[in-house]
Structures are given as structure tokens and as C-alpha cells.
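Read the structure below first, then the notes.
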Amino acid sequence: MPTSDSCADQAPQAHTPRAPDLPVARELFALLAEQWNYAILREVFYGVERFGRLQRNLGIAPTTLTARLTGLVELGLLERHRYRPDKEWFDYRLSAGARDLVPAWIALAQWAQTHLNTEDVTRRLRHIGCGQLTEPQLMCNHCGTVLTGSDLAPVELPAENDSAP
């Protein structure tokens, strides 16, 4: 017979998160995990901006592509630009906000290439500033050291301080 000290008799303890919940980050991951969204954004980043090419490259049904493009435009991740004055034909470009996400996407792709059994199908990137091919890295803005997860530790800021040091 179990005693009153057994785990089964104890009420579950409430989980106290160590850091505040980040609902926006959760929503972003859900958005990117939604089938097709990441693939569409990736293709647009690499210069595939027209509906027909997107459809061919991705093998996606036209109705699905239309729905996803509309949603990504409404979310502010894509901008729609008319390229034929006589027809309702548009091309799609990353918004400034979506371009700000590119380093995060690259970091996730680099992680997957290192830690998952994936073929090396990474497209190369050119740094617009110097014109050279590059492999972007996360670096410390103070000392310039290339960072990995082991180099970082969370810091809990006081509630009244909304900005990082």
C-alpha cells in the first residue's frame, strides 16, 4: 500500500516558467510550420517572385498557392506588386519585416544541415555589401566572437527594465 508520501498521492505542482512566455514567437513558429508558408517565403527570397514559377518550383495546387500568398500578404510578410497593367498579374517580394527574419531562417537551415540527416543542398549566399559569397554567422556585437548555443546564457532583466543592456 502506498504511503501518503508517494508521488501518486501528491497534487501536481504548478509549473512556474523561468522566463516570460513569448506568444509572438510561438505564433511565428506556428506560421512558419504551416505547410507551404516557409517554402513560399524561401523561394521568394531566392528570386522566384511570380505565381507560375512558384507553382512549378513547389508543385503546389493553384488554389492553395493563392490562399497562402494572400495570407502571407495579409500578415505583412510579402508585398504584392502588379507587373502587367492590362491584367491582374502580380509578383511577390519579401517585406522589410520578412527580410529581417532571413538571418533566423539561415540559422535554422544551418542547424538542420549540421544536426539532421540532410543532403547538402544549401544555396549559396552573396553579401551585398562586399559582393563575396558568405556563410552568415551569429556574432557577439561586443567582442566579435562567433557564437553557438553553448556560448549564450539567459539573463533575467528586472521587470521595470524593458530593454537589454
Side-chain angles (χ1 to χ4, degrees), residues 17 19-85 87-116 118 121-142 144-149 151-152 154-157 159-165:
D21 188 27
L22 300 172
V24 174
R26 214 173 342 126
E27 289 173 26
L28 176 63
F29 277 110
L31 166 78
L32 294 177
E34 190 172 311
Q35 188 175 8
W36 298 115
N37 285 350
Y38 171 77
I40 292 167
L41 292 168
R42 180 197 65 220
E43 290 300 306
V44 172
F45 172 73
Y46 281 107
V48 181
E49 298 177 335
R50 295 197 175 163
F51 188 94
R53 277 194 63 210
L54 284 166
Q55 184 185 3
R56 282 189 300 280
N57 283 16
L58 298 171
I60 185 174
T63 54
T64 303
L65 180 56
T66 298
R68 295 292 189 252
L69 288 170
T70 300
L72 291 167
V73 168
E74 288 173 357
L75 288 167
L77 293 174
L78 289 179
E79 296 172 346
R80 193 170 85 149
H81 298 271
R82 186 181 210 147
Y83 67 89
R84 292 263 321 244
K87 295 191 178 189
E88 291 281 319
W89 288 5
F90 300 91
D91 62 14
Y92 296 87
R93 299 178 197 149
L94 294 181
S95 68
R99 290 195 75 73
D100 287 345
L101 285 172
V102 169
W105 295 336
I106 291 168
L108 288 171
Q110 289 171 334
W111 179 90
Q113 196 167 351
T114 301
H115 297 287
L116 303 176
T118 61
V121 293
T122 303
R123 297 182 197 175
R124 299 300 309 265
L125 298 168
R126 184 173 309 281
H127 179 217
I128 295 170
C130 71
Q132 298 297 312
L133 293 178
T134 187
E135 292 186 28
Q137 300 175 329
L138 179 64
M139 299 177 71
C140 175
N141 64 321
H142 292 285
T145 301
V146 174
L147 300 172
T148 67
D151 299 320
L152 302 170
V155 175
E156 199 166 319
L157 298 174
E160 63 275 356
N161 184 357
D162 290 334
S163 63

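Partners of Asp91 according to the side-chain hydrogen bond (donor to acceptor under 3.5 Å, both in side chains) rule, which considers only residues two or more places apart in sequence or in another chain, are Arg93. In terms of the ring pair (Phe, Tyr, Trp, His ring centres under 6.0 Å) criterion, Trp89 has no residue partners (sequence neighbours excluded). For Arg126, the side chain to side chain contact (heavy atoms under 4.5 Å, CB included) test picks out Leu133, with sequence neighbours left out. Take Val102 and apply the side chain to side chain contact (heavy atoms under 4.5 Å, CB included) test, not counting sequence neighbours, and it matches Phe45, Leu94, Trp105, Ile106. Contacts of Asp151 classified as side-chain hydrogen bond (donor to acceptor under 3.5 Å, both in side chains), with partners at least two apart in sequence or in another chain: Thr148. Taking Glu74 as the reference, nothing meets the side-chain hydrogen bond (donor to acceptor under 3.5 Å, both in side chains) condition, with sequence neighbours excluded. Residues that satisfy the side chain to side chain contact (heavy atoms under 4.5 Å, CB included) test with Ile128, not counting sequence neighbours, are absent from this structure. When the side chain to side chain contact (heavy atoms under 4.5 Å, CB included) test is applied to Ala61, the partners found at least two apart in sequence or on another chain are Thr63, Thr64. Under the rule for a side-chain hydrogen bond (donor to acceptor under 3.5 Å, both in side chains), Arg99 has no partner lying at least two apart in sequence or in another chain. With sequence neighbours left out, the salt bridge (charged side-chain N to carboxylate O under 4.0 Å, His left out) criterion links Glu135 to no other residue.
Rounded to the nearest 0.5 Å, atoms CH2 (Trp36) and CG (Leu58) are 6.0 Å apart.
You'll find the side chain of Ser95 stays beyond 4.5 Å of the side chain of Leu78, heavy atoms only. Looking only at side-chain heavy atoms (C-beta outward), Gln137 and Gln110 stay at 4.5 Å or farther from each other. Using a 4.5 Å heavy-atom threshold, the side chains of Leu147 and Leu152 count as touching. A 4.5 Å side-chain heavy-atom check between Leu77 and Leu101 finds at least one atom pair inside the cut-off.
Counting all heavy atoms, side chain and backbone alike, Tyr92 lies closest to Phe90 at CE1-O, 4.0 Å.
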Side-chain donor-acceptor pairs under 3.5 Å in residues 47-57, sequence neighbours left out?
| residue | atom | partner | partner atom | Å |
| --- | --- | --- | --- | --- |
| Arg56 | NH1 | Gly52 | O | 3.4 |
| Asn57 | ND2 | Glu43 | OE1 | 3.1 |

Kindly list each side-chain donor-acceptor pair under 3.5 angstrom involving residues 65-72, sequence neighbours excluded, with atom names and distances?
| residue | atom | partner | partner atom | Å |
| --- | --- | --- | --- | --- |
| Thr66 | OG1 | Pro62 | O | 2.9 |
| Arg68 | NE | Gln35 | O | 3.0 |
| Arg68 | NH1 | Glu34 | OE2 | 3.3 |
| Thr70 | OG1 | Thr66 | O | 2.8 |

_Walk me through whether Glu88 and Arg82 qualify under side chain to side chain contact (heavy atoms under 4.5 Å, CB included)._
CA-CA 7 Å; Glu88 291 281 319; Arg82 186 181 210 147; 2.9 Å; yes

